[in-house]
Amino acid sequence: MIETIIELKKADLTLGTAAAKVHVLKNIDLKVAKGEAVGIVGPSGSGKSTLLMVLAGLERIDTGEIHVNGNPLHQLSEDALAEFRGRNIGIVFQSFHLIANMTALENVALPLELANQSNAFDLARKELEAVGLGNRLDHYPGQLSGGEQQRVAIARALAPSPVLLIADEPTGNLDTETGRQIADLLFAKQAERSMTLVVVTHDPSLAARCTRQVRVHSGELDASDGARATAAEVQPA
Ligand code: ADP
Ligand code: MG
């Protein structure tokens, strides 16, 4: 049986104030099955990053509904949204977003410590070893290559065992070969942990590796892209 992990119904969002208002997401209907890897593609400025922020519970829709892993995000308080994110969501950004004056180990341990996980540093070390950085634990971001920094960011996103991993152009700042290695890592982790992956990308080879692609144009999804994947399209975990 296919379990739906993400469902948006007529989700609509306008950002900005007064003269600078932008209708960013228009009447979005989207279903994602648990375990899918969905590639979000579309021109710059079309609303891809905003859609990810909505999925992560970092941005609220104005009207419509959004359910993620059984949580009605459109109805949750700010505190409940923060708890939802901590339990369900891992996020990876194009520019890594590591804390410059913390080591790789401290960067990965931080969200675990904030969640009062007792063995935060042990877990963080294991996650870094699992992304091939066991020999970089005490390096600062500035002492790491772009690919290594993105591995740290992936370890940090995965450490709390999210059900949904969200990545916004995760290979956008990397050369082709490093980007391929990062994509390999993301898909390997997705399979290993039966996670759902939603990734915005301009990289056709990364997008092609997803279960399916969803195209965004001026805040709208292309017709039919939002539909739930058929059973045949969903790769077994
Ligand atoms: P993409 O990731 O596809 O490049 P974004 O989701 O970042 O697009 O942005 C979509 C549109 O919304 C753009 O026109 C952008 O300028 C606008 N936008 C994004 N955030 C805000 C904001 N906080 N206030 C006003 N407009 C915004
Ligand atoms: Mg973007």
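Quick caveat, the model's predicted, so the values are computed rather than measured. In this chain, numbering begins with 1 at the start of the sequence shown. Just so it is clear, the values below take in all heavy atoms, side chains as well, and ignore hydrogens, waters and symmetry mates.
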*Check whether any side-chain N or O of Asp203 sits under 3.5 Å from a backbone N or O of Ser205 as a donor-acceptor pair, and report yes or no.*
yes
*Hey, does the side chain of His74 reach the backbone of Glu65 with a donor-acceptor pair shorter than 3.5 angstrom?*
no
*Taking all non-hydrogen atoms of both residues into account, name the closest pair between Leu144 and Gln149 and its distance.*
O-NE2, 3.2 Å
*Measure from the side-chain N and O atoms of Arg151 to the backbone N and O of Leu185, and report whether any donor-acceptor pair falls under 3.5 Å.*
no
*Just by modelled atom types, is the Ala37 backbone N or O under 3.5 Å from a matching donor or acceptor in the Thr211 side chain?*
yes
*Polar side-chain atom of Asp62 near backbone of Thr14 as donor-acceptor pair, under 3.5 Å*: yes
*asked:* Any side-chain to backbone donor/acceptor pair from Asn107 onto Ile99? Under 3.5 Å, distance only.
replied: yes
*For residues Asn101 and Tyr140, report the shortest heavy-atom separation together with the two atoms involved.*
O-CE2, 3.5 Å
_Distance (rounded to the nearest 0.5 Å) between Ile154 CD1 and Leu128 CG_ = 11.5 Å
*Is a side-chain N or O of Lys48 found less than 3.5 angstrom from the main chain of Gly42, in a donor-acceptor match?*
yes
*Please confirm whether the backbone N or O of Thr196 pairs with a side-chain atom of Glu36, one donor and one acceptor, at under 3.5 Å?*
no
*Does a sphere of radius 6.0 Å around CZ in Arg60 hold more than 12 heavy atoms from other residues, nucleotides or ligands, not counting ones at 6.0 Å or beyond?*
yes
*Quick one: are Ser218 and Lys26 in side-chain contact, heavy atoms under 4.5 Å?*
yes
_N-O pairing of Asp122 and Lys126 below 4.0 Å_ = no
*asked:* Please find the pair of heavy atoms, one from Ile182 and one from Pro170, that lie closest to each other, and give the distance.
replied: CG2-O, 4.3 Å
*Taking only residues two or more places apart in sequence or in another chain, which ones pass ring pair (Phe, Tyr, Trp, His ring centres under 6.0 Å) with Phe93?*
His97
*side chain to side chain contact (heavy atoms under 4.5 Å, CB included) partner of Thr50, chosen from Val24, Leu55, Leu58, Val216*: Val24
*Could you tell me whether a side-chain N or O of Thr171 sits under 3.5 Å from a main-chain N or O of Leu174, the two making a donor and an acceptor?*
no
*Are any side-chain N or O atoms of Gln94 and backbone N or O atoms of Glu169, one a donor and one an acceptor, separated by less than 3.5 Å?*
no
